[in-house]
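Excluded from the calculations below are hydrogen atoms, water molecules and symmetry mates; all remaining heavy atoms, backbone and side chain alike, are included.
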Amino acid sequence: GAPRWIPPGEKAPLTPEYQAIMDWNTADQKAGGHGWEPSWMCLPPGMPRIMNVFEPMEIVITPATTYILISHIHDNRRIYTDGRDWPKDLEPSFKGYSIGKWLDTDGDGRYDTLEVETRNMKGPRAYDTTGLPLHYDSKTVVKEKIYTDKDDREVIVNEVTTIDSALTGPWKVTKKYYRTP
């Protein structure tokens with residue numbers, strides 16, 4: 001099946017209200033329903049789910065914007081790296097609005113890490129096909145730290161921290177993407 005958001009053996013730190021929604025969701029899916037999982041309605045997966053990356057991904061870097069292109073419906077992202085501030089009165093979207101900053105973390109004069117914050121998302125959204133819910137208030141903030149693994153240059157690491165009202169606190173999940181020739 002499609003990649004899951006939750007690493008094996010880990011449990012999402014859901015609030016009691018959202019754990020009850022997840023329990024209902026799991027029972028509904030086992031009974032043949034769709035549960036909380038919204039993609040059956042042909043809605044885009046949105047953030048942070050699109051970073052499950054189950055289709056090929058390409059990263060294109062320009063001076064003002066980093067593009068994450070994923071070969072699946074509405075999963076392409078624009079991360080503004082030109083120093084802009086958060087826009088006022090922006091229309092919410094499933095993937096939200098992302099502002100990032102390139103960093104030279106090892107002092108060698110080359111940018112090696114992209115820190116990104118994404119806000120202004122709308123729902124309904126789930127982390128993955130299990131229907132793991134994000135809060136309906138759509139106040140989610142996703143912070144990412146994207147870099148090449150120092151020990152294996154063929155691996156891109158994405159440390160994704162989700163701040164969401166359905167969680168008891170910020171939740172960090174580390175994703176690894178493997179390069180193919």
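When all heavy atoms are compared, the tightest approach of Ile21 to Pro133 is CG2-CG, 4.1 Å. Of all the heavy atoms in Ser138 and Gly123, the pair that sits closest is OG-N, 3.3 Å. Contact record, Lys175 with Asn52: NZ-OD1, 2.9 Å, taken as the closest heavy-atom pair. Of all heavy-atom pairs between Ile79 and Gly100, the closest is CG2-N, 3.6 Å. Pairing each heavy atom of Val160 with each of Pro48, the nearest pair is CG1-CB, 4.2 Å.
In this view, Arg84 and Asp82 satisfy the salt bridge (Lys or Arg N to Asp or Glu O under 4.0 Å) rule, not counting sequence neighbours. For the side-chain contact (heavy atoms from CB on, under 4.5 Å) test, residues two or more places apart in sequence or in another chain that qualify with Asp151 are Asp149. With sequence neighbours left out, the side chain to side chain donor-acceptor pair (under 3.5 Å) criterion links Thr105 to Asp112. Evaluation of the side chain to side chain donor-acceptor pair (under 3.5 Å) rule for Ser39 yields Glu37 as partners, not counting sequence neighbours. For Tyr80, the ring pair (Phe, Tyr, Trp, His ring centres under 6.0 Å) criterion is met by Tyr97, not counting sequence neighbours. Partners of Glu144 under the salt bridge (Lys or Arg N to Asp or Glu O under 4.0 Å) rule, at least two apart in sequence or in another chain, are Arg77. For Pro56, the side-chain contact (heavy atoms from CB on, under 4.5 Å) partners two or more places apart in sequence, or in a different chain, are Ser71.
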Begin with the C-alpha distance, continue with both residues' side-chain angles, and end with the deciding distance and a verdict on side-chain contact (heavy atoms from CB on, under 4.5 Å) for Ile99 and Val116.
CA-CA 6 Å; Ile99 294 178; Val116 183; over 6 Å; no
Val142 vs Glu117, test: side-chain contact (heavy atoms from CB on, under 4.5 Å). Steps then yes/no.
CA-CA 6 Å; Val142 177; Glu117 183 169 322; over 6 Å; no
Do Asn158 and Tyr177 pass the side chain to side chain donor-acceptor pair (under 3.5 Å) test, and can you show the C-alpha distance, the side-chain angles, and the key distance before you say yes or no?
CA-CA 8 Å; Asn158 188 2; Tyr177 314 123; 3.2 Å; yes
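For residues 101-111, there are no salt bridge (Lys or Arg N to Asp or Glu O under 4.0 Å) pairs, not counting sequence neighbours. The salt bridge (Lys or Arg N to Asp or Glu O under 4.0 Å) pairs that include a residue from residues 160-172 are Glu159-Lys172, where partners are two or more places apart or lie in different chains. Sorted by first then second residue, the side chain to side chain donor-acceptor pair (under 3.5 Å) pairs that include residues 18-27, not counting sequence neighbours, are Gln19-Asp23. Residue pairs satisfying the side chain to side chain donor-acceptor pair (under 3.5 Å) criterion with at least one member in residues 53-63, sequence neighbours excluded, are absent.
No more than 12 heavy atoms of other residues, nucleotides or ligands lie within 6.0 Å of NZ in Lys176, so this atom counts as exposed by the packing criterion. The local environment of CZ in Arg179 is crowded, with over 12 non-hydrogen atoms from other residues, nucleotides or ligands closer than 6.0 Å.
Using modelled atom types, one finds a donor on one side chain and an acceptor on the other under 3.5 Å when comparing Trp102 with Thr66. Side chain to side chain, Arg125 and Thr140 meet the donor-acceptor criterion of an N or O pair below 3.5 Å.
Between Met57 atom CE and Thr180 atom OG1 the span is 10.5 Å, to the nearest 0.5 Å. Taking CG of Asn76 as the reference point, atom CD1 of Ile50 lies at 8.0 Å (rounded to 0.5 Å). Interatomic distance, Met47 CE to Lys95 NZ, rounded to the nearest 0.5 Å: 10.5 Å. With values rounded to the nearest 0.5 angstrom, Leu134 atom CG is found 10.0 Å from Arg49 atom CZ. Remark: Leu69 CG to Ile59 CD1 distance equals 9.5 Å, nearest 0.5 Å. Rounded to the nearest 0.5 Å, atoms OG (Ser98) and CD1 (Ile68) are 8.0 Å apart.
Distance alone, capped at 3.5 Å, places no donor-acceptor pair between the Thr15 side chain and the Thr168 backbone.
Contact annotation: the side chain of Thr162 approaches that of Leu167 to within less than 4.5 Å [non-hydrogen atoms, C-beta and beyond].
Grouped with Tyr147 in one hydrophobic cluster are Val155, Val157, Tyr178, the linkage being side-chain heavy-atom contacts under 4.5 Å among Ile, Leu, Val, Met, Phe, Trp and Tyr residues.
Annotation: Trp171 is in aromatic contact with Tyr127 [ring centroid separation under 6.0 Å].
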